Amino acid sequence: MPRSYALIDCNNFYASCERVFRPGLRGHPVVVLSNNDGCVIARSAEAKGLGIPMGAPFFKWRALLRRHGVAVFSSNYALYGDMSARVMRVIARFCPEVAVYSIDEAFADLTGVPGGASAFARRFKATVERWTSIPVSIGIGPTKTLAKLANRLAKRHARLQGVFDHAASPDPDRVLRHTDIGDVWGIGPRHAARLRKLGVNDALAFRDLDQSWVRKKMTVTGLHTLLELRGQPCLGFSEGPADRKTIVSSRSFGHPVSSLDELLEASAQYTVRAAERLRSQGAVASHVLVFLQTNPFRPGLPQYSASQAVPLPVATAHTPALIRAAQAGLTRIYKEGFDYKKCGVMLSGLEPANGRWLSLLDLPPDDTPRHAPLMRAVDALNARWGRDTVTFAASGSKDAPWRMRREMRSPRYTTVWEELPKVRAD
DNA sequence: TCTGGGGTCCTAGGACCC
DNA sequence: TCTGGGGTCCTAGGACCC
């Protein structure tokens, strides 16, 4: 029996989150900016209507945004992460099998739900919206790729009212014919351009290509996309977040940085974040990679970028040990006389904390027996009282100039007591 | 005279995703 | 002055081993 997969996708998620606590902004254009207020990463429908593209650099669009009275927000991940968790909880409550795919999307297996997938999805969509105030669209199909494609249509055509089941369509091929090749999930700009040159302009033409040609030119990933468009599932459906294989933490700086001391602080800060995520998935890392780079958008200035992998004697999740490794690597690649734009830390060689290999040499593991309880205590305090309640001196002061700019951030309405919205009857 | 073949691991680069 | 951050998967090629 064919499966019935649904993709539930929040509409303009970050912009919708901002509107939940600012109902006056409904019907009003809203955009959300990336870190450092660099570029536009979310747009409400009204903002899209003004022709503001995804990724538009803020400084180039500032005047137009002001002219149209667009509400502009710095990103507020504390808010979005919490709203996402609320949406996902509602989804998990009603759908038998759920795989969270990203902060604003989840796949659900609706095979065999009573009353049929479409009717179920319509009721369910209304519930999510009532309980969270976040609008969603639902696409349904026999494979994840077709569900994704159906979701695009559900969003685009008002008459579908946010729900579309590809399998229930009277003319499924027509749907594919009207889907641009570049809009197919898994076909990026490179492959799209190449396929267009060959006259393959839409999903239908791609679906009917020769399998072995696609396998050869686009590797098995391309072949999977093709088979999924034919209705043959190739992408697994896994519940629960997969454990990461690498963890990256990096940021562009609020201002250019050239001193080693500041870079050491920043690298310590990013290591602290990465180590938190490492412990939250119950893992230890065997390598720390540290990298830094100047601003590639300023080709006139001297450019330098470098990275250095530092192996750890024993895989660990102990923040001070990871900081020491990152800083040692950074010191090795640092060169004076450059304006650095960005640095970052990557943890790799991840393994479960229980059941890892220990060295036969006499180096005592960094995080046992005394260190593991210390990290647990730090994590517990920060979970209870808020991020960075306890932090590490190596990461420098909270107002260091390298820290990112977020000048238009909304309150963290749902996660910080002091920023709760106040309701008052006057 | 005859100069193999298969396997693993690592890295870099490409492509894609949200 | 100002152009995000965090991931995954695949492949090719080199080093190394037996």
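Lettering follows sequence order; numbering is per chain, from 1. If you're wondering where the values come from, they're calculated on a predicted model, not measured in any experiment.
Phosphate contact (OP1/OP2 of C:dG6, side-chain N/O of A:S250, threshold under 4.0 Å): present. Taking 4.0 angstrom as the limit, A:R405 places none of its side-chain polar atoms (N or O) nearer than this to OP1 or OP2 of C:dG4. The phosphate of C:dC2 has neither OP1 nor OP2 within less than 4.0 Å of any side-chain N or O from A:W61. At the phosphate of C:dT3, OP1 or OP2 sits under 4.0 Å from a side-chain N or O atom of A:K341. Between C:dT11 and A:K216, no contact under 4.0 Å exists linking OP1 or OP2 to a side-chain N or O. Look at A:R298 and you'll find a side-chain N or O under 4.0 angstrom from OP1 or OP2 of C:dC2. The shortest distance between the side-chain N/O atoms of A:R251 and the OP1/OP2 oxygens of C:dG5 is not below 4.0 Å. For the pair A:S252 and C:dG5, the criterion of a side-chain N or O lying under 4.0 Å from OP1 or OP2 is met.
As a whole-Å value, the separation of A:Y80 OH from C:dG5 P is 15 Å. Between the CZ atom of A:F13 and the P atom of B:dC17 there is a distance of 21 Å, rounded to whole Å. Atom CD of A:Q308 and atom P of B:dT11 are 12 Å apart (whole Å). If you measure from atom CZ of A:R62 to atom C1' of C:dT1, you get 10 Å, rounded to the nearest angstrom. Atom NZ in A:K342 sits roughly 5 Å away from atom P in C:dG5 (whole-Å rounding).
Comparing atom distances between the A:P57 side chain and each of C:dT3, C:dT11, B:dA15 picks out C:dT3 as nearest. Counting only heavy atoms from C-beta on, A:T246 has its side chain closest to C:dG7 among C:dG7, C:dG4, B:dC18.
Side-chain contact annotation: A:T143 with A:T145, donor-acceptor N/O pair under 3.5 Å absent. Checking A:T319 against A:R279 by side-chain atom types alone, a donor-acceptor pair falls below 3.5 Å. For the 3.5 Å distance criterion, the side chains of A:D82 and A:T414 qualify, holding a donor opposite an acceptor.
Taking the P atoms as reference points, C:dC18 lies 24 Å from B:dT3, given to the whole Å.
A donor-acceptor contact shorter than 3.5 Å is absent between the side chain of A:R3 and the backbone of A:K144.
Nucleotide C:dC10 forms a Watson-Crick or G-U wobble pair with B:dG13, both donor-acceptor distances falling under 3.5 Å.
Near DNA chain C, defined here as any heavy-atom distance below 4.0 Å, the residues from residues 253-280 of chain A are A:R277, listed numerically.
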